[in-house]
Amino acid sequence: MAVPPNTDAAFLREVDEELRREQMATAWRRYGIAAIAIVVLIVLGFGGWQIYRAHQQSVAGDEGEALSKAYEDAGARRPAAATELGSLADSNVKGYRALALMSQADLLLQKNDLRGAAAKFAEVANDGSIGQPFRDLALIRQTSAELDTIKPDVVVARLRGLAVKGNPWFGSAGEMVAVSYLKMGRRDLAGTLYGQIAREPDVAESVRQRAVQMAGVLGVDAVNQPKEQKSQ
């Protein structure tokens, strides 16, 4: 007796569903343990990360206190400051490491060790993992320590990108670039740059006053005229 078409279709659906159930059961038998293991690893990994973060925060807190102690000892000229800063210079916290290295450089400057100080500043300036503001400041400090011993074109190449209006380090970087232009015989470029520094109200007053004087010597009018005079 032939199976009616609708019964045949129902039978095929039942077989198909049974096959899918069997495949799922087989997959669970094969991969169920692995799936559980993965879930456990994820949970353990998250917990481990939380523990790691807590440890890192604890270490950072301890190193912050150590840095404060190093500054206190340095201010009192205690020998312990050098040892404390040396330990912090290997810190995994980039900000503390940068501050420690730059503080080591300052101690070397006090001893008139310009070469040693420049090397410490260079470590910070060349470390791409440290924030750019730290690196820019370190580059300026490095160049200042080396200003009398490196070629003026090297100074210009290093600091040209910082010696622009609007940059936080415009005054310091611009003054060293202007001095280097003079050493290169480029009085025109030096005068223009001194004039820009002199007319920039945001630079340090001492830097601005020197720029006004140098701009005047180089024949550049560095004094901003009142607006009513400009309109006449």
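Note that CG of Asn167 is 6.5 Å distant from CG of Asp136, once rounded to the nearest 0.5 Å. Note that CG of Leu139 and CD of Gln142 are 6.0 Å apart. Values are rounded to the nearest 0.5 Å. Considering CG of Leu189 and CE of Met184, their distance stands at 8.0 Å, rounded to 0.5 Å.
Pairs passing the salt bridge (Lys or Arg N to Asp or Glu O under 4.0 Å) check and including a residue from residues 104-113, sequence neighbours excluded, read Asp106-Arg141. Sorted by first then second residue, the salt bridge (Lys or Arg N to Asp or Glu O under 4.0 Å) pairs that include residues 158-170, not counting sequence neighbours, are Glu146-Arg158. Within the structure, every pair that satisfies the salt bridge (Lys or Arg N to Asp or Glu O under 4.0 Å) test and touches residues 180-198, not counting sequence neighbours, is listed here: Arg186-Asp188.
Partners of Ile130 under the side-chain contact (heavy atoms from CB on, under 4.5 Å) rule, at least two apart in sequence or in another chain, are Lys94, Arg97, Ala98, Val124, Asp127, Phe134, Arg135. By the side-chain contact (heavy atoms from CB on, under 4.5 Å) test, Ser206 is found to be paired with Ala204, Arg210, residues two or more places apart in sequence or in another chain being considered.
Between Gly195 and Ala215 the shortest heavy-atom distance is N-CB, 4.0 Å. The two residues Val155 and Met176 come nearest to each other via the heavy atoms CG1-O, 3.9 Å. Residues Ala190 and Ala178 share a closest heavy-atom pair of CB-O, 3.6 Å. Across all their heavy atoms, Glu175 and Ile197 have their closest contact at N-CD1, 3.6 Å. Across Ala173 and Leu162, no two heavy atoms sit closer than the pair CB-CB, 3.8 Å. Heavy-atom minimum distance, Leu193 versus Ala163: CD1-O, 4.1 Å.
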- [ ] With side chain to side chain contact (heavy atoms under 4.5 Å, CB included) as the test, would you mind laying out the steps for Leu137 and Met102 before giving the verdict?
- [x] CA-CA 10 Å; Leu137 175 58; Met102 294 178 72; 3.7 Å; yes

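At a threshold of 4.5 Å between side-chain heavy atoms, the hydrophobic network of Ile, Leu, Val, Met, Phe, Trp and Tyr places Phe121 and Leu108 in two separate groups. Hydrophobic clustering (ILVMFWY, side-chain heavy atoms < 4.5 Å, transitive): Val207 and Leu159 are in one cluster. Tyr181 and Val164 fall into different hydrophobic clusters, where Ile, Leu, Val, Met, Phe, Trp and Tyr are joined by side-chain heavy atoms under 4.5 Å apart, directly or via other members.
Counting Ile, Leu, Val, Met, Phe, Trp and Tyr side chains that sit under 4.5 Å apart, directly or through other members, Leu182 shares a hydrophobic cluster with Val179, Tyr194, Met214, Leu218.
Judged by distance alone, the side chains of Gln213 and Gln209 never bring a donor and an acceptor atom under 3.5 Å apart.
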